[in-house]
Visitor: 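Quick one: structure below, then a few questions.
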Amino acid sequence: MKLLLSVLGLALACHLVHATLSKSDAKKEKKSLLEKTQHADRPVQERALVRTDIRAEDVVLEHRSYCSAQARERHFDGAVLGYVTPWNSHGYDIAKTFGNKFTHVSPVWLQLKRRGREMFEVTGLHDVDQGWMRAVRKNAKGLRIVPRLLFEDWTFDDFKSVSDSEDEVEELTKTMVQVAKTQHLDGFVVEVWSQLLSQKQAGLVHMLTHIAEALHQARLLAILVIPPSVTPGYIQMLKEHRPQLTWDSQAAEHVFEYKKSRGGRHVVFYPTLKSVQVRLDLARELGVGISIWELGQGLDYFYDLL
């Protein structure tokens, strides 16, 4: 039985490292950088944009200019799971536009709560958008919609009680299957591992195995992932600071530095077409899929690579 979907996570966000300077840096007024608003007739691979020697101005100029003619074509053969969050409406549009490039989409909608012994409730159902799901499925045949299910407000004792009781686990899985069926879902992305860290892992594995078995028996998917931490703010950083991007071959990412008058010096590892391509190549080499947190947070022309 297969419990886990093997994924290589692509957290489409910037990673910052902070340092302190003794001198302040006065802000200078700068002209606005140009941004293309029209789609491109060729993908980024054919426009020589996937390279290590890039400029901030070029990223700002091209980041919205994906190839609409190939928006439905796949370049990565492995599984691709993309998260969509209610607080980022652009992600909903990305899923509809590039749906064929994904095998699974996971809206961050649902929470699983324990209300007492053998009593469970799935909340967040008001966020479930049936119209959007129909539109995504219409544009991408075979795409599976598997909302994230967060084990919310569970204590260590809650996990222990459920994992030690077959009756508790049975009621838990019944609740999950019922919600999936009534809401026309294809399964769940279960987020639970990071809440317990290293505690009671044996019992947690036992519980998750039962959940997976019950979902699979109902012809539903069970996906277990550990989400990364992220920091948004891609293009605005480049517009404001216009830094010089350099390629860090060890991290396989672009990096730049900028200064603030009161915040000291900041070092940013910045995701680019090249860094995303390197990770896609690694996923191919390892024979695994990828997960993306989150759709709409990165740059639109990234999707030319998928």
Side-chain angles (χ1 to χ4, degrees), residues 8-16 32-76 80-85 87-102 105 227-248 251-256 258 266 268-283 290-306:
L8 177 68
L10 295 179
L12 298 184
C14 306
H15 308 282
L16 287 80
S32 298
L33 294 178
L34 296 177
E35 294 182 69
K36 291 182 180 178
T37 57
Q38 295 182 333
H39 298 155
D41 58 357
R42 294 178 299 156
V44 293
Q45 298 93 323
E46 296 179 14
R47 289 184 280 154
L49 296 177
V50 187
R51 60 180 193 266
T52 58
D53 57 326
I54 63 173
R55 301 183 308 158
E57 294 86 344
D58 295 330
V59 176
V60 174
L61 177 67
E62 299 281 356
H63 73 98
R64 292 178 180 169
S65 185
Y66 64 87
C67 181
S68 58
Q70 295 188 18
R72 297 173 60 85
E73 296 184 20
R74 292 196 69 185
H75 302 289
F76 180 77
V80 179
L81 183 152
Y83 288 92
V84 177
T85 60
W87 53 85
N88 187 343
S89 61
H90 188 47
Y92 286 87
D93 296 331
I94 289 292
K96 288 191 289 186
T97 301
F98 299 102
N100 266 14
K101 292 178 179 286
F102 303 101
V105 170
S229 58
V230 296
T231 306
Y234 281 94
I235 291 299
Q236 190 55 40
M237 279 188 173
L238 299 188
K239 288 180 180 179
E240 182 178 351
H241 303 290
R242 304 191 188 185
Q244 179 179 354
L245 291 108
T246 58
W247 179 252
D248 185 320
E253 260 189 313
H254 280 95
V255 61
F256 66 82
Y258 71 92
H266 301 262
V268 180
F269 285 87
Y270 195 89
T272 59
L273 287 166
K274 181 62 177 179
S275 65
V276 173
Q277 185 64 64
V278 168
R279 283 147 182 80
L280 290 174
D281 292 341
L282 177 60
I290 63 167
S291 65
I292 302 172
W293 181 278
E294 57 173 299
L295 303 188
Q297 189 183 90
L299 309 182
D300 287 357
Y301 71 170
F302 284 166
Y303 299 99
D304 278 357
L305 300 175
L306 290 179

Visitor: Roughly how far, to the nearest 0.5 Å, is the CG atom of Leu61 from the CG atom of Leu238?
Guide: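 One gets 12.0 Å once the value is rounded to the nearest 0.5 Å.
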
Visitor: How long is the gap from CD1 on Ile290 to CG on Leu282, to the nearest 0.5 Å?
Guide: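 Ile290 atom CD1 to Leu282 atom CG measures 11.0 Å (nearest 0.5 Å).
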
Visitor: Apply salt bridge (charged side-chain N to carboxylate O under 4.0 Å, His left out) to the pair Glu253 and Lys274, showing each step before the final yes or no.
Guide: CA-CA 8 Å; Glu253 260 189 313; Lys274 181 62 177 179; over 6 Å; no

Visitor: From Gln70 CD over to Gln45 CD, what is the distance, rounded to the nearest 0.5 angstrom?
Guide: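 It comes to 7.5 Å.
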
Visitor: Donor-acceptor pair, Arg55 side chain versus Glu57 backbone, under 3.5 Å?
Guide: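 Judged by distance alone, no pair lies under 3.5 Å.
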
Visitor: If every non-hydrogen atom of Leu273 is compared with every non-hydrogen atom of Phe302, which pair is closest and at what distance?
Guide: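 Heavy atoms only, the tightest pair is N-CE2, 3.6 Å.
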
Visitor: Just so I know, are the side chains of Thr85 and Trp293 near enough to count as touching, which here means a heavy-atom distance under 4.5 Å?
Guide: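 Heavy-atom side-chain distance check passes, below 4.5 Å.
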
Visitor: Hey, mind stepping through Phe269 and His254 against ring-ring contact (aromatic ring centres under 6.0 Å, His included) and telling me if it holds?
Guide: CA-CA 6 Å; Phe269 285 87; His254 280 95; over 10 Å; no

Visitor: So which heavy atom on Arg64 is nearest to which on Lys36, and how close?
Guide: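 Shortest heavy-atom separation between Arg64 and Lys36 comes out as CB-O, 3.7 Å.
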
Visitor: So how far is it from Ser275 OG to Asp248 CG, rounded to the nearest 0.5 Å?
Guide: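 If I round to the nearest 0.5 Å, the distance is 11.0 Å.
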
Visitor: Would you confirm whether Arg74, through its side chain, and Phe76, through its main-chain N or O, come within 3.5 Å as a donor-acceptor pair?
Guide: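 Judged by distance alone, yes, a pair lies under 3.5 Å.
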
Visitor: How far does CD of Gln297 sit from OH of Tyr83, to the nearest 0.5 angstrom?
Guide: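 These two atoms lie 13.0 Å from each other.
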
Visitor: Should the pair Phe102 and Tyr303 be assigned to parallel (<30°), tilted (30 to 60°) or perpendicular (>60°) ring geometry?
Guide: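 Ring orientation of Phe102 relative to Tyr303: perpendicular.
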
Visitor: At their closest point, which heavy atom of Val278 faces which heavy atom of Ala252, and how far apart are they?
Guide: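 Taking Val278 first and Ala252 second, the nearest heavy atoms are CG1-CB, 3.9 Å.
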
Visitor: Could you go through the side chain to side chain contact (heavy atoms under 4.5 Å, CB included) check for Ile54 and Val59 one step at a time?
Guide: CA-CA 8 Å; Ile54 63 173; Val59 176; 4.0 Å; yes

Visitor: Please report the closest heavy-atom contact between Tyr66 and Tyr301, naming both atoms and the distance.
Guide: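 That closest heavy-atom pairing would be CB-CA, 3.9 Å.
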
Visitor: Counting C-beta onward and ignoring hydrogens, is there a side-chain heavy-atom pair between Ile292 and Val80 closer than 4.5 Å?
Guide: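 Heavy-atom side-chain distance check passes, below 4.5 Å.
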
Visitor: Using a 4.5 Å cut-off on heavy atoms from C-beta on, say whether the side chain of Val268 contacts that of Met237.
Guide: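 Yes, side chains in contact.
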
Visitor: Go through it in stages, so that I can follow the logic: the residues are Glu35 and Ser65, the test is side chain to side chain contact (heavy atoms under 4.5 Å, CB included), and I'd like the CA-CA distance, side-chain angles, deciding distance and then a yes or no.
Guide: CA-CA 9 Å; Glu35 294 182 69; Ser65 185; over 6 Å; no

Visitor: Give the intermediate values and the outcome of side chain to side chain contact (heavy atoms under 4.5 Å, CB included) for residues Glu240 and Ile235.
Guide: CA-CA 9 Å; Glu240 182 178 351; Ile235 291 299; over 6 Å; no

Visitor: I'd like to know if the side chain of Lys101 and the backbone of Leu306 have a donor-acceptor N/O pair within less than 3.5 Å.
Guide: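 Pair found, side chain donor or acceptor close to backbone of Leu306.
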
Visitor: How close do Val84 and Ala95 get, counting heavy atoms only, and between which atoms?
Guide: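 Between these two residues, the closest heavy atoms are CG2-CB, 4.4 Å.
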
Visitor: With side chain to side chain contact (heavy atoms under 4.5 Å, CB included) as the test, would you mind laying out the steps for Tyr270 and Leu245 before giving the verdict?
Guide: CA-CA 8 Å; Tyr270 195 89; Leu245 291 108; 4.2 Å; yes

Visitor: Regarding His90 and Asp300, do their side chains bring together a donor and an acceptor under 3.5 Å, going by distance alone?
Guide: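 Looking only at side-chain atoms, Asp300 and His90 do form a donor-acceptor pair, the distance falling under 3.5 Å.
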
Visitor: Using a cut-off of 6.0 Å, state whether more than 12 heavy atoms not belonging to Gln244 lie near its atom CD.
Guide: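 Open.
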
Visitor: Should the pair Arg42-Asp304 be classified as a salt bridge under the 4.0 Å nitrogen-to-oxygen rule?
Guide: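 Salt bridge: no.
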
